[in-house]
Structure formats: C-alpha cells, structure tokens
Trainee: 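Pasting a structure here, questions to come.
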Amino acid sequence: MMRDLPQAASAALLLEWYDRHHRDLPWRVPPAAARKGAVADPYRVWLSEVMLQQTTVQAVKAYFEKFLALWPTVGDLAAADTEDVMKAWAGLGYYARARNLKKCAEAVARDHGGRFPDSEEGLKALPGIGDYTAAAIAAIAFNRASAVLDGNVERVISRLHAVETPLPAAKPEMRALVQALTPADRPGDFAQAMMDLGATICTPKRPACSLCPIPTDCRALKTADPETFPRKAAKKEKPLRLGAAFVAVDGLEAVYLRKRPETGLLGGMTEVPGTDWTSRRDGDTSIDAHPFPAEWEPCGTVNHVFTHFELHLSVFRARVGRADVGEARTGTSGWWEPLASLRAQALPTVMKKAIAKAIPHAFEAG
DNA sequence: AAGTCGTGGTT
DNA sequence: TAACCAAGACT
C-alpha cells in the first residue's frame, strides 16, 4: 500500500509535526479549524502569496491586513483606483507585483465571474501568478495535489535527497521529487508544512536537525553537511551607481513630487526630481543637474541597496517659490504635496529616505 | 535564459 | 559588517 512507502511515511510525519508546530498566520486556516470544516478563501490565499513573493512573513503581515481592510473581496480590488493600490503597496517593494495584482483582480472579476480558477493551469494564466504561486493557491485553496516549490522547499528537498545539481538548473528535478512526496490528502497543509519546516528547522544556516520530524530519510544529514545544500552558482557583485535627488520645499511646507514611468525600476511610483542613476562619477551627480533654478544646498548622501546595484544618492534641498518651477527642465509635470499627506503617497523607501534626509521631520506623525 | 525588479532582517 | 536571502515573476 502507498502508506507503507518511505515517502508516504515522511509526508505523514511532516503533517503530524505541522499539526503541533505550525505558525499561526493571518491568512491561514489552522489544521484544527480545517478539521471543523473551515475553508481557505482563495482571495486571501492569493493576496498573501503574491505579497510573500521574495518577501518576509514579518513584512507582509501589516500590508495583508491593510489590503483586506481596504478591499475585502477580489471584486473590491478590481474596482479600486490603481493609484490607491500603489499607495497601499508603497514600501513593500517589487512594485510590478502591485500592478499585476490589480490586473489579476480585474481579470478574475471580468473573465471568471469574480471567482479564482481552481486549477494550476487556470491560475498560472493570470498576471503575477507563476509556477510557485499557481501551485500554492491550487493546493491551499482548492485541495489540489500540486507540487509547491519555493525557496524553503528547495532547501528541504535538496537536503532530503542530497541534490548535487546547482540551482536554478535543479528546479525540474526538485519539482519532481516534491511531486512524489506530496500526499493526495491535505496537500495544502503539506505544502505549508514544508515551508514552515524550511523557515523554522531546515534553515539556511545552522539547521536544527535534532528537531526535524523527518530526519530518517535525509541524505544530507547522513552523508554530508546539510548546510551546504542547496548547491548554488556564485552571485555577481553589485555595481555602484551614483545619482542626485532634489527636494524642493515651498513656503507652505509642501514638497515637489512627480510620477515615475509606468515600467522599469520603481515603475509607476512617486519620486522627487533627480538625475539618472549611473556609474558615472562626473557632472551627472552634481548640483548642476538640478530640475529648476534655486539655491540648492547639499544635505548629505543616502545609500540604498537594490537587487542588482547599490545607490549612493546625493540629496539637495532648496526653498522654491511655486511660480519659479517651470516644466521645461523637469520634463514631466509634477505637483506640490503637503508634508501632512506625504506618508500616504506612493513613495518607495529610497525616496522616503531622500526626503527625510532633506527634511528630518517630513514623516513625523501628524 | 540571464537580467531585471525592493526592502529589511539575520548572521 | 558585509553577505545572504525571503512563500518569485516576467522578459
């Protein structure tokens, strides 16, 4: 029988561990509640999974609650103003996720009668839903035995089987191994159990193997140093880019802001005027690149690390009369935003840093 | 298919 | 502290 295979035994042991040690998270239906008939809401599962892409649980919690309060259903989100969605997402990073989130909600409302597709294939056809997220929603919200493979599961499965192939080439191999391990019963809890195991026991560094519920079949534990899995290619070092940002304040304590292009880095988000960010060390970062004439004074430098480069941003500040601001040099139209409402804008973290450097009290309560 | 795309916490 | 990397998707 299936249950006598080592794989089935591991899945069962893992589910038993999950019943006792699962993390309580706002978007989850705990095992005990599920046993009483509680069912996961696909909207909540989808929203949490998109937010959790490359993002820590801790960072997601507050955003998840905020989005749910603002838009309780996928229909509400579909009907929302995109700019409001970008404002609510500001600070969470990877802003293409927010744009795709909105597009996905619209597609679900328009093409699927307000209900998420219940198959992996149907889900993956939606914006912002890739291999992982489609499998996760299918398993957690629709009880499908799909192979859920994220960074946690890659670590767990690569250690269980001592996979020598480096990532990302090893993904198909790992997905097949996960598929073979996934039980027909409780596939959603199994997926979440694998991720909890990876997050709390089978950690990247110093894994707590003595607390692992499935140590018996772990090849990495027997034959090698578990910490060396998964194998990965060495990373490239991040180049340094330089730039300048200009914080203009008018007599009414308002800051001049503008909107970035819809695509690319920080696409569709709000910024203060500035130079391009380049590797050059000459005039491009100088005060001479200001957006309009004023007595610009240097406020210091903001350092910020993006995914593929590091930025040293020179910040300048000036008192500027609104009449002195011409559109000719800015290239795009902007607006004056009062300090009191600055926090509610779609400002990415790097821009909040720059503004705070020029106006230390800019984001204080009030 | 390798590069692009944020941010913050941990070690 | 500098490196690592977190429930990846898209081009």
Side-chain angles (χ1 to χ4, degrees), chain A residues 22-23 25-28 44-64 86 89-101 103-104 123-141 146-156 167-169 171-172 175 178 188 190-200 202-207 227 230 232-241 260-269 271 277 302-311 346-353:
Chain A
H22 65 85
R23 291 177 290 175
L25 302 172
W27 46 85
R28 265 189 186 169
R44 295 168 60 103
V45 174
W46 164 71
L47 181 60
S48 66
E49 289 301 341
V50 173
M51 287 183 167
L52 286 162
Q53 290 165 4
Q54 293 292 286
T55 308
T56 57
V57 165
Q58 182 56 33
V60 164
K61 283 180 180 173
Y63 284 86
F64 177 78
M86 301 310 287
W89 195 277
L92 198 55
Y94 285 135
Y95 298 100
R97 289 185 297 171
R99 298 193 296 271
N100 285 330
L101 190 81
K103 289 179 190 167
C104 183
L123 288 161
K124 204 187 160 184
L126 293 166
I129 299 184
D131 288 335
Y132 161 75
T133 305
I137 298 173
I140 298 169
S146 48
V148 176
L149 185 65
D150 78 322
N152 288 306
V153 180
E154 285 172 358
R155 192 164 53 251
V156 171
L167 285 168
K171 273 195 163 189
R175 185 169 291 106
V178 173
F190 173 78
Q192 295 179 94
M194 287 285 278
M195 294 189 276
D196 275 18
L197 186 69
T200 64
C202 198
T203 49
K205 294 174 183 174
R206 299 177 61 85
E227 192 172 306
K232 286 183 182 178
K235 293 188 175 178
K236 291 172 54 179
E237 69 175 90
K238 298 178 196 244
L240 175 63
R241 294 188 192 176
R260 292 176 63 88
E262 290 299 326
T263 58
L265 185 71
L266 307 177
M269 299 298 284
E271 67 173 3
W277 301 338
V302 162
N303 296 335
H304 193 77
V305 180
F306 290 94
T307 305
H308 54 291
F309 66 92
E310 179 178 351
L311 175 68
L347 288 165
T349 297
V350 64
M351 289 300 156
K352 288 186 176 174
K353 282 182 175 179

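Each chain gets a letter, A, B and so on, in the order the sequences are listed, and its residues count up from 1.
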Trainee: Donor-acceptor pair under 3.5 Å: do we get one between A/Arg155's side chain and the base of C/dA6?
Mentor: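 Donor-acceptor pair under 3.5 Å: no.
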Trainee: Can you check the distance between C/dT11 and B/dA1, where both ends of the measurement are the C1' atom (answer in whole Å)?
Mentor: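 Roughly 10 Å separates the two C1' atoms.
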Trainee: Please say whether more than 12 non-hydrogen atoms of neighbouring residues, nucleotides or ligands are located less than 6.0 Å from CD in A/Glu237.
Mentor: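 Not more than 12 within 6.0 Å, no.
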Trainee: Does any residue of residues 146-154 of chain A have a heavy atom under 4.0 Å from DNA chain C, and if so, which ones, in number order?
Mentor: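 When residues 146-154 of chain A is checked for heavy atoms under 4.0 Å from DNA chain C, the hits, listed by number, are A/Asp150, A/Gly151, A/Asn152.
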Trainee: State which residues pass salt bridge (Lys or Arg N to Asp or Glu O under 4.0 Å) with A/Lys352; sequence neighbours excluded, sorted by chain then number.
Mentor: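 Per chain and number, A/Lys352 pairs via salt bridge (Lys or Arg N to Asp or Glu O under 4.0 Å) with no residue.
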Trainee: Could you pull out the closest heavy-atom pair between A/Gly198 and A/Asn152, with the gap in Å?
Mentor: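 Heavy atoms of A/Gly198 and A/Asn152 come nearest at C-OD1, 3.5 Å.
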Trainee: Given the rule in the side-chain hydrogen bond (donor to acceptor under 3.5 Å, both in side chains) test, do A/Arg97 and A/Gln53 qualify, once you have shown the distances and angles that lead to the verdict?
Mentor: CA-CA 9 Å; A/Arg97 289 185 297 171; A/Gln53 290 165 4; 4.9 Å; no
Trainee: Distance check, C1' atoms only: B/dC5 and C/dA6, in whole angstrom units.
Mentor: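 Looking at atom C1' only, B/dC5 and C/dA6 are 15 Å apart.
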Trainee: Identify whether the distance between the nearest side-chain nitrogen and carboxylate oxygen of A/Lys238 and A/Glu310 falls below 4.0 Å.
Mentor: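 Judged by the 4.0 Å cut-off on N to carboxylate O distance, A/Lys238 and A/Glu310 do not form a salt bridge.
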Trainee: Any chance you could list the contact pattern along nucleotides 4-11 of chain B? Use B for base contacts, S for sugar-phosphate-only contacts and - for none, protein heavy atoms under 4.0 Å, 5' to 3'.
Mentor: SBBBS---
Trainee: Any donor-acceptor pair under 3.5 Å linking the side-chain atoms of A/Glu49 with those of A/Tyr132?
Mentor: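 Their side chains do contain a donor-acceptor pair, which is all the 3.5 Å distance test asks for.
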Trainee: Given A/Trp27, which partner from the list A/Val45, A/Leu47, A/Val60 fulfils the side chain to side chain contact (heavy atoms under 4.5 Å, CB included) test?
Mentor: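 Filter result, single survivor: A/Val60.
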